[in-house]
Amino acid sequence: MANTILVGAQWGDEGKGKIIDVLTEQADVVVRYAGGNNAGHTVWVGKQKYVLHLIPSGILRPSKLCVIGNGVVVDPVGLVNEINGLLKLGVKVEKNLVVSETAHVVLPYHRELDAQREVLKGKHKIGTTKRGIGPAYGDKAARVGLRMIDLVDPARFEEKLSRRLKENNEVLKALGAKPLSFKQVLAEYRTAGDYLKPFVANTVVLLHRAMSRGEDLLFEGAQGTFLDLDHGTYPYVTSSNTTAGGACTGSGVPPHRMDRVVGVMKAYTTRVGEGPLPTENADISDLLHGMGREFGATTGRARRCGWFDSVATRHATMVNGIDDLAVTNLDGLDTVETIRVCIAYRDGKKRLDYVPNDAEILARCVPVYADFEGWLTPTHEAKSWKQLPAKARDYLKAIAELTGAKLHIASVGPGRDQTIFV
Ligand code: GDP
Ligand code: IMO
Ligand code: MG
């Protein structure tokens with residue numbers, strides 16, 4: 001398959017987990033490179049649903065190796081729970097999961113600070129997942145973070161934790177929050193550290209050895225392009241580089257070894273949390289929620305829904321270098337008579353064909369729409385391009401063309417067999 005980076009081309013939850021699971025068949029190693037357990041990637045295998053948060057979605061293919069790269073922030077207690085959850089469902093994890101020793105550790109004070117900062121922001125809150133992601137990446141950048149290599153070394157971990165907890169407890173007290181107990185945090189994290197020790201390794205060397213054996217790597221993006229710390233709708237973003245460049249820094253695999261970028265996008269748009277979403281629309285939100293769809297895989301929050309935004313996805317093609325597109329949830333539009341697609345924004349009298357960097361400007365932009373006739377036919381049983389209604393094919397071709405990349409996959413349901421290679 002060659003080395004492939006898969007990214008979300010919208011605001012996250014595009015169906016990356018499902019597409020990773022499908023593409024893993026052709027890969028040898030699947031690598032998460034950014035984010036933490038703020039991610040929720042859903043995979044259905046037959047009637048069994050799996051939601052992965054830190055572990056790559058490739059884990060459901062038993063012969064493949066899964067790597068949590070250095071760019072990920074790992075909540076060790078969360079990871080232990082996730083491993084145990086998979087083991088209970090009969091998924092083999094012990095032999096095919098490796099965690100980078102330089103991945104940073106999410107600590108309870110990160111989660112507490114995440115929550116407190118949201119309270120302080122009041123109506124300007126980001127709507128984070130409260131998993132401590134922002135504060136953990138903040139510590140990494142400030143060079144005061146603890147890494148997996150520290151966690152699995154009891155003496156070193158105790159010493160570093162004691163220093164960091166002292167400072168953070170002062171901050172928490174100043175914010176009116178309860179300080180954390182050193183003893184309790186230490187005990188909890190030591191147990192997780194002991195459990196995780198056999199999984200921790202130098203993943204940069206491991207990935208380069210795999211490449212020298214001719215193995216193919218699949219990089220699993222988390223979140224989406226517009227949640228990227230640099231390229232998203234700042235400050236309504238996450239704290240990592242979710243875009244394709246993050247796959248290099250977050251894994252230690254250099255740019256010239258990357259062969260292809262796949263962008264995953266829904267046939268419409270969703271966003272969970274605060275921040276601008278130009279095509280947000282109450283009717284399509286009600287329709288999808290009424291079908292029991294578009295509730296967050298991590299927090300259970302109802303996702304905000306809107307029409308497909310090709311200004312945004314075109315921007316995503318640009319910053320990620322997307323070659324191939326996987327369009328998911330086509331079936332979500334099966335009952336819609338007139339399907340709208342945003343082709344430009346209007347900011348007052350100005351027409352914009354790109355995403356403005358100022359979230360306040362984006363928030364006041366009004367979409368310019370092109371309308372498409374709906375196909376009004378169920379698509380979830382279609383097994384090939386030919387079996388899709390002609391109007392659905394036209395719609396897919398149009399959104400791919402507007403996005404500026406090649407249509408590669410159309411997904412008509414959450415299952416493996418509901419995947420059409422174009
Ligand atoms: P991710 O974070 O990008 O992996 O996406 P999520 O798992 O958070 O959300 C995507 C949701 O859409 C999940 O519930 C998937 O099972 C579901 N899904 C993915 N592709 C399709 C599709 O083509 N049709 C339908 N009906 N559901 C899909
Ligand atoms: P996957 O990988 C959708 C959103 C949060 C919030 C913002 C910042 O499943 O697509 P954070 O907790 O990261 O500090 O929150 O980012 N967010 C996601 N939205 N899908 C995700 O991951 C997300 N991860 C974070 O809702 O708006
Ligand atoms: Mg998700």
Side-chain angles (χ1 to χ4, degrees), residues 6-22 32-45 49-54 56-57 72-73 75 106 110-111 113-115 117-118 121 125-138 220-229 232-240 242 263-277 288 291-304 326-334 378-380 382 409-420:
L6 179 141
V7 293
Q10 296 162 321
W11 276 269
D13 302 326
E14 295 91 347
K16 298 178 293 293
K18 174 195 156 151
I19 303 298
I20 285 282
D21 170 67
V22 169
R32 263 287 300 271
Y33 61 83
N37 60 358
N38 49 349
H41 296 180
T42 314
V43 182
W44 284 86
V45 183
K49 177 185 175 179
Y50 302 88
V51 181
L52 288 317
H53 298 286
L54 278 163
S57 305
V72 176
V73 288
D75 179 332
V106 179
H110 294 134
R111 282 193 301 273
L113 285 171
D114 191 356
R117 284 179 189 162
E118 284 284 272
K121 284 199 179 96
K125 73 173 198 272
I126 295 167
T128 74
T129 60
K130 298 202 175 73
R131 298 295 190 274
I133 304 299
Y137 277 114
E220 175 172 350
Q223 289 78 50
T225 299
F226 296 97
L227 294 173
D228 183 284
L229 183 56
T233 54
Y234 192 91
Y236 301 100
V237 293
T238 190
S239 297
S240 60
T242 62
V264 185
M265 56 193 206
K266 279 178 177 146
Y268 46 90
T269 306
T270 66
R271 169 168 210 166
V272 60
E274 306 303 316
L277 187 66
L288 292 162
M291 292 156 84
R293 296 164 65 143
E294 302 309 344
F295 293 93
T298 295
T299 58
R301 291 178 290 177
R303 296 172 183 153
R304 300 154 62 195
V327 181
T328 68
N329 287 275
L330 182 72
D331 53 307
L333 297 176
D334 284 352
T379 54
H380 64 279
I409 289 174
S411 169
V412 293
R416 282 177 173 170
D417 60 350
Q418 291 172 301
T419 313
I420 297 168

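Read the numbers this way: they start at 1 and go in the same order the structure lists the ligands and their atoms.
- Residue, atom and distance of the protein heavy atom nearest to atom 16 (O) of ligand 2 are Leu227 CD2, 3.7 Å.
- A pairwise comparison of heavy atoms in Val237 and Ile126 identifies O-CG2, 4.1 Å as the closest pair.
- Of the heavy atoms in Gln223, none comes closer than 4.0 Å to ligand 1.
- Proximity of Arg293 to ligand 1, defined as any heavy-atom pair under 4.0 Å, is confined to the side chain (atoms from C-beta onward).
- Considering Ile420, Thr379, Asn329 only, the shortest heavy-atom separation from atom 12 (O) of ligand 1 involves Asn329.
- Atom numbering of ligand 2 starts at 1 in the shown order; those under 4.0 Å from a heavy atom of Arg301 are 5 (C), 26 (O).
- The closest heavy-atom contact to atom 25 (C) of ligand 2, among the options Arg271, Gln223, His53, Lys125, comes from Gln223.
- Of the options His41, Arg32, Gln10, the smallest heavy-atom separation from atom 2 (O) of ligand 2 is shown by His41.
- In terms of N/O distances under 3.5 Å, ligand 1 is not approached by Leu330.
- For ligand 1, the polar-atom distance check against Ala297 finds no nitrogen or oxygen pair separated by under 3.5 Å.
- Ligand 2 has no nitrogen or oxygen under 3.5 angstrom from a nitrogen or oxygen of Asp114.
- Residue contacts with ligand 2 include Gly127, since one or more of its heavy atoms lies under 4.0 Å from the ligand.
- If you look at Asp331 next to ligand 1, the close heavy atoms, those under 4.0 Å, all belong to the side chain.
- Checked against a 3.5 angstrom limit, the closest N/O atoms of Glu14 and ligand 2 fall outside it.
- For Thr129, heavy-atom contacts with ligand 2 shorter than 4.0 Å involve the backbone as well as the side chain.
- For Glu294, the closest heavy-atom approach to ligand 1 does not fall below 4.0 Å.
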